[in-house]
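First up is the structure itself, then whatever we jot down about it.
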Amino acid sequence: RELGLRCLFQKLQLCVSIMSGAVATAFTGFLRSHSKVGCSLPNRAIRGLYHGRMIGTGNKVSFSERKTRRRWRPNAFSKKLWSDTLDQHVQVQVTAKALKCIDKAGGLDNYVVNTKPEVMMSEFGEELREIVLALRERKSLMSQIEAETVKGTQEGQAA
């Protein structure tokens, strides 16, 4: 069952704060100011995983050497990716480059956690990182509690 990112917050009942409008605007400004020279960052790149791929600009040169301005857009498409931590599919706009990096990292969760924010350039990725890290922390605490209870019951049975 597919859920949007906002629904994931409600479903998991995590205390992860969503970026306020001012912080999101500042983050967007940071992303745009750190983009490559001669390239612009599409708005949809902030909402998806583009791994630094941006719109390139230049000239189309005909046989008569007439120059016409043009844009090279990233190879982006919508894809359902499996998240091991969330135990469900997440639908996201992703580029071919980001998909290769996700495969190389060993999955969506590892990619989101281990990729630097400057490279990922995505509000969606940052929010997903917070969710994944919070869930991993919660699962590790639960496993520690279970290990301690098992250890306590074994000591009680031995005595």
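Along the sequence shown, residues are numbered consecutively beginning with 1.
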Between F77 and A96, which heavy-atom pair has the shortest distance, and what is it? CE2-N, 4.0 Å
Those residues that, when tested against R70, pass side chain to side chain contact (heavy atoms under 4.5 Å, CB included) (two or more places apart): K60, W72
Please find the pair of heavy atoms, one from R71 and one from T57, that lie closest to each other, and give the distance. CG-CG2, 4.2 Å
Rounded distance (nearest 0.5 Å) linking atom CD of Q93 with atom OH of Y50: 5.0 Å
Specify the closest pair of heavy atoms between K67 and V61, including all atoms of both residues, with the distance to one decimal. CG-CG2, 4.1 Å
Flag the pair L49 / T115 as yes when at least one side-chain heavy-atom distance between them is below 4.5 Å, and no otherwise. no
Which heavy atom of E118 sits nearest to which heavy atom of M121, and what is that distance? O-CG, 3.2 Å
Please report the shortest heavy-atom distance between W82 and Q88, naming the atom on each side. CZ3-CA, 3.2 Å
Tell me, please, which residues at least two apart from K97 pass side chain to side chain contact (heavy atoms under 4.5 Å, CB included). H51, R53, T95, C101
Spacing of CG belonging to L81 relative to NE2 belonging to H89, to within rounding of 0.5 Å: 8.0 Å
Roughly how far, to the nearest 0.5 Å, is CG of D84 from CZ of R136? 8.5 Å
Hey, are the side chains of F124 and V90 touching, using non-hydrogen atoms and a 4.5 Å cut-off? yes
Decide yes or no for K100 and D103: does some side-chain heavy atom of the first lie under 4.5 Å from some side-chain heavy atom of the second? no
Measuring from I131:CD1 to S83:OG, what's the distance to the nearest 0.5 Å? 9.0 Å
Quick check: does any side chain N or O of D109 sit under 3.5 Å from a backbone N or O of T85, one acting as donor and the other as acceptor? yes
In terms of heavy-atom contacts, K79 and V94 come closest through CB-CG1, 3.6 Å
Between the CZ atom in R73 and the CD1 atom in I55, the distance rounded to the nearest 0.5 Å is 6.0 Å
Does a sphere of radius 6.0 Å around CZ in R66 hold more than 12 heavy atoms from other residues, nucleotides or ligands, not counting ones at 6.0 Å or beyond? no
